[in-house]
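Remarks on the structure that follows.
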Amino acid sequence: MEVVNTIGRRKSAVARIYVSEGKGNVIINKRDLKEYFPAETLQYIVMQPLNLLEVAEKYDVKVNLDGGGPKGQAEALRLAISRALIEIDAESRPQLKAAGFLTRDPREVERKKPGQPKARKRFQFSKR
């Protein structure tokens, strides 16, 4: 098997990944998964597609993560891994689709408007 390259995005986070056959190592920005994401919940989010298809010990994942916060990065990585697994085996698509791992979450931060304190918040209105 050759190296499979995919991309995943969430908020302002971008995950570029390279999946190859291996022992189940996940290396993020030259650091181990457990070192990069110390929180168990974020590790769980990243490993969801691999655990769903029961191939966690079969592939090595090398990741370049950029932008966003920890949660956005973890979800961007989950999307990228799901896309890579489909490229490797197209029959896994219905399982991943049913679990909701192939949907790119379109929600972004709304911009702050000029003359206002925040995106939607307004200064208090005074009639007189």
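This chain uses plain numbering: 1 for the first residue, then up along the sequence.
- Taken from CZ in Arg122 to CD in Gln124, the straight-line distance is 14.5 Å, to the nearest 0.5 Å.
- Summarising the geometry of Arg83 relative to Gly8, their closest heavy-atom pair is NH1-CA, 4.3 Å, with the distance given to 0.1 Å.
- In this structure, Gln48 and Leu52 have side chains that are not in contact, with every pair of non-hydrogen atoms separated by 4.5 Å or more.
- With Leu33 as the fixed residue, the side-chain contact (heavy atoms from CB on, under 4.5 Å) test singles out one of Val61, Val26, Leu42, Asn25: Val26.
- Scanning all heavy atoms of the two residues, the minimum distance from Pro38 to Gln43 falls at O-NE2, 3.5 Å.
- Of the candidates Gln73, Arg78, Glu40, Ile45 forms a side-chain contact (heavy atoms from CB on, under 4.5 Å) with just one, namely Arg78.
- For the atom pair CD (Glu35) and CG (Asn29), the distance works out to 11.0 Å, reported to the nearest 0.5 Å.
- Contact detail for Ala80 and Ala15: the closest heavy-atom pair is CB-O, 3.9 Å.
- Residues Thr6 and Glu87 are in side-chain contact: their nearest non-hydrogen atoms beyond the backbone lie under 4.5 Å apart.
- Connection of Leu50 to Tyr18 is not established within any shared hydrophobic cluster, with ILVMFWY side chains joined at heavy-atom distances below 4.5 Å, either directly or through further cluster members.
- Phe101 and Leu79 get closest at one heavy-atom pair: O-CD1, 3.4 Å.
- Between Ala119 and Glu110, the shortest heavy-atom contact is CB-O, 3.8 Å.
- The side-chain hydrogen bond (donor to acceptor under 3.5 Å, both in side chains) pairs that include a residue from residues 56-72 are Lys71-Glu75, where partners are two or more places apart or lie in different chains.
- Side-chain atoms of Val19 and Ile81, non-hydrogen and from C-beta on, never get closer than 4.5 Å to each other.
- Closest approach of Leu53 and Ser92 over heavy atoms only: CD1-CB, 3.6 Å.
- Not a single donor-acceptor pair under 3.5 Å links the side chain of Lys30 to the backbone N or O of Ile28.
- Side-chain contact between Ile86 and Leu102 is present, with heavy atoms from C-beta onward closer than 4.5 Å.
- Separating the CD1 atom in Ile27 from the CD1 atom in Ile17 is a distance of 13.5 Å, to the nearest 0.5 Å.
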**Request:** Evaluate the salt bridge (charged side-chain N to carboxylate O under 4.0 Å, His left out) criterion for residues Arg107 and Asp105: first the C-alpha distance (whole Å), next the side-chain angles of each, then the deciding distance (0.1 Å), finally the verdict.
**Result:** CA-CA 6 Å; Arg107 294 175 295 174; Asp105 193 337; 2.8 Å; yes

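- For the pair Tyr36/Leu65, a side-chain contact is recorded, criterion being any heavy-atom separation below 4.5 Å from C-beta on.
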